[in-house]
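Written below as structure tokens is the structure these notes are about.
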Amino acid sequence: MSRMTLRPALFGIAVRRTFLDYLGAVGLIMFVLLAVGLTIDLARHFPDIREAAESRETGLAPLLAPYLLHRSVDIVARLLPMATMFGVLLAELIRRFRLESTILSATGFSPQRGAAALVWLALVLGSLQGLLEARWRPAAVLAQVESGFGNYANWYRRGWLRGPVWFVEQDRAFRAQIRRTDRPEMRNLLIFEGIRAPRLQRVISAGRAFPLDEPQHWRLEDVRIWSTATEGRAPAAMPAQDIVLDLIPEQISWYGVREFNIPGPVLRTLAARPTAGNGPAVRTAVWRRRTAWLLPGILAVLASTLSRHVFEGRLLLLPRLVALSALGYVSVVANKVFWDLGVLGNLPAPLAVLLPLLFAGLLALVLARRRL
């Protein structure tokens, strides 16, 4: 293709107009979803923010505005694929009702040239989705935890957790009360060694444990040791002992935090540990971030393809529109279902993330070929 024909094919007036139609419709759907999400969220948490403003003797806006911003980032990251699917479908329906697509087709504006608008939309929304998944949502969740408002502040609050937690690493099991902070700590620690053997080999208790600078090295204080070799005797006691545990501080600092909300550097550190108990969930989160930029573009192409099957001439077939819209919704929800399968370890992380994308892409290809 020569430069004379390539430029209008990629940057022509019709391409720009179609791209803006897509972007405007996606923005409209996203605005509606965001408004609904924030309304539901504020119905529960607005009284807490108002009481905090009164107790601090400050205005409501300095507390409410950051909270809305943080919640908006999280909601947009979750619902942008849905907005892309139904936004593109809505834009195509409106363009068909206005006869815009019919007129362009009569003037030689082929579907191949129309695909350029989808490419631009995929680049814009894919970049946005990638940044939301990898950087902006984890930062917004952490900021919400620090503010003390909302569900994330309740779920991921820093400090000592109420009950004991368990870690299982190879032939050991640990039970302790943990402090979820940047400088993690454990207390009332019990280490059970030989859990895969017919009977335990050793049990170690410590009043306090904290990590040392050397990786996987921990210092135990107020230590007592029960061993099968000294069965029937009093436990060995010592004020302190350094021990190597198959446990890193990040596993405690981010214990209980959903993996897709963990900052990138920490997530990569956890992913480098194949023996970690939440390994499948960590690997799934890593693959989600690697492929996040693909999701909006594939769903946009699928929505554009679906829209070509809801008309017969100028007649809108409402039952077919409902059926194909449901198919598009299933394609969006399938991503979350497969992600959960990856988190649970029922599917390898690459398959859990890539299979729904391949399904949506193949579905769009099949529908496009049938229409042609």
Side-chain angles (χ1 to χ4, degrees), residues 27 30-83 127-163 165 177-187 210-211 248-270 278 281-282 285-286 288-289 292 336 339 343:
M30 189 69 255
F31 174 79
V32 173
L33 294 175
L34 181 61
V36 173
L38 289 177
T39 300
I40 295 173
D41 192 85
L42 285 177
R44 179 175 181 180
H45 298 294
F46 182 76
D48 297 334
I49 300 175
R50 183 178 55 192
E51 290 177 5
E54 294 175 353
S55 63
R56 300 177 190 179
E57 297 182 352
T58 184
L60 184 61
L63 298 180
L64 184 60
Y67 177 78
L68 292 178
L69 175 62
H70 301 152
R71 292 299 301 128
S72 296
V73 170
D74 182 50
I75 292 172
V76 172
R78 293 172 181 270
L79 298 182
L80 182 59
M82 185 77 69
S127 300
L128 177 60
Q129 186 72 36
L131 289 171
L132 285 167
E133 284 283 348
R135 298 184 182 180
W136 295 345
R137 177 165 61 181
V141 169
L142 184 58
Q144 187 176 333
V145 172
E146 293 175 351
S147 73
F149 303 123
N151 287 329
Y152 287 128
N154 296 327
W155 297 337
Y156 304 155
R157 63 183 180 84
R158 313 297 269 175
W160 289 101
L161 301 191
R162 288 191 178 90
V165 299
Q177 188 176 6
I178 65 173
R179 186 174 69 175
R180 190 167 54 190
T181 62
D182 295 333
R183 298 180 62 85
E185 184 180 335
M186 296 185 286
R187 65 188 181 190
F210 56 90
I248 60 176
E250 287 82 0
Q251 288 178 265
I252 296 179
S253 297
W254 299 91
Y255 178 85
V257 178
R258 293 294 301 272
E259 287 72 19
F260 55 81
N261 290 324
I262 296 177
V266 178
L267 189 65
R268 288 189 291 271
T269 300
L270 294 174
N278 59 342
V282 170
V286 170
R288 279 181 59 174
R289 295 184 182 184
K336 298 183 178 181
W339 291 342
V343 168

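Values reported hereafter were calculated over all heavy atoms of this structure, with side chains retained and with hydrogens, waters and symmetry mates removed.
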Identify every side-chain donor-acceptor pair in residues 53-80 under 3.5 Å, counting partners at least two apart or on other chains, and give the distances.
from  : atom 1 : to     : atom 2 : distance (Å)
Ser55 : OG     : Glu51  : O      : 3.2
Ser55 : OG     : Ala52  : O      : 2.9
Tyr67 : OH     : Asp41  : OD2    : 2.2
His70 : ND1    : Pro66  : O      : 3.1
Arg71 : NE     : Asp41  : OD1    : 3.2
Arg71 : NH1    : Asp74  : OD2    : 2.9
Ser72 : OG     : Leu68  : O      : 2.6
Asp74 : OD1    : Arg78  : NE     : 3.4
Asp74 : OD1    : Tyr152 : OH     : 3.3
Asp74 : OD2    : Arg78  : NE     : 3.2
Asp74 : OD2    : Tyr152 : OH     : 3.0
Arg78 : NH2    : Tyr152 : OH     : 2.8

Please list every donor-acceptor pair under 3.5 Å in which a side-chain atom of residues 140-149 meets a protein atom from a residue at least two apart or in another chain.
from   : atom 1 : to     : atom 2 : distance (Å)
Gln144 : NE2    : Phe149 : O      : 3.3
Ser147 : OG     : Gln144 : O      : 2.7
Ser147 : OG     : Phe149 : N      : 3.4

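Judged as a side-chain contact (heavy atoms from CB on, under 4.5 Å), and not counting sequence neighbours, Ala153 has no contacts. The side-chain contact (heavy atoms from CB on, under 4.5 Å) search around Ala83 returns Val26, Ile29, Met30, Leu33, not counting sequence neighbours. The side chain to side chain donor-acceptor pair (under 3.5 Å) check on Arg289 picks up nothing, with sequence neighbours excluded. For Pro184, the side-chain contact (heavy atoms from CB on, under 4.5 Å) partners are Pro211, Pro249, Ile252, Ser253, not counting sequence neighbours. With sequence neighbours excluded, no residue forms a ring-ring contact (aromatic ring centres under 6.0 Å, His included) with Phe210. For Val343, the side-chain contact (heavy atoms from CB on, under 4.5 Å) partners at least two apart in sequence or on another chain are Ala281, Thr284. Take Trp160 and apply the ring-ring contact (aromatic ring centres under 6.0 Å, His included) test, not counting sequence neighbours, and it matches no residue. Judged as a side chain to side chain donor-acceptor pair (under 3.5 Å), and not counting sequence neighbours, the contacts of Arg179 are Glu185.
Contact between Leu267 and Ile262 at its shortest, heavy atoms only, is N-CG2, 3.8 Å. Of all non-hydrogen atoms in Ala285 and Phe260, the two that sit nearest each other are CB-N, 4.1 Å.
At least one side-chain heavy atom of Arg137 sits under 4.5 Å from a side-chain heavy atom of Asn261.
In this structure, the side chain of Arg288 does not engage the main chain of Glu133 through any donor-acceptor pair within 3.5 Å.
Counting only residues at least two apart or on different chains, the salt bridge (Lys or Arg N to Asp or Glu O under 4.0 Å) pairs with a member in residues 149-160 are Arg158-Asp182. Listed by first and then second residue, the salt bridge (Lys or Arg N to Asp or Glu O under 4.0 Å) pairs involving residues 58-68 amount to none (not counting sequence neighbours).
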**Item:** Worked verdict on Val286 versus Arg268 for side-chain contact (heavy atoms from CB on, under 4.5 Å)
**Value:** CA-CA 8 Å; Val286 170; Arg268 288 189 291 271; 5.7 Å; no
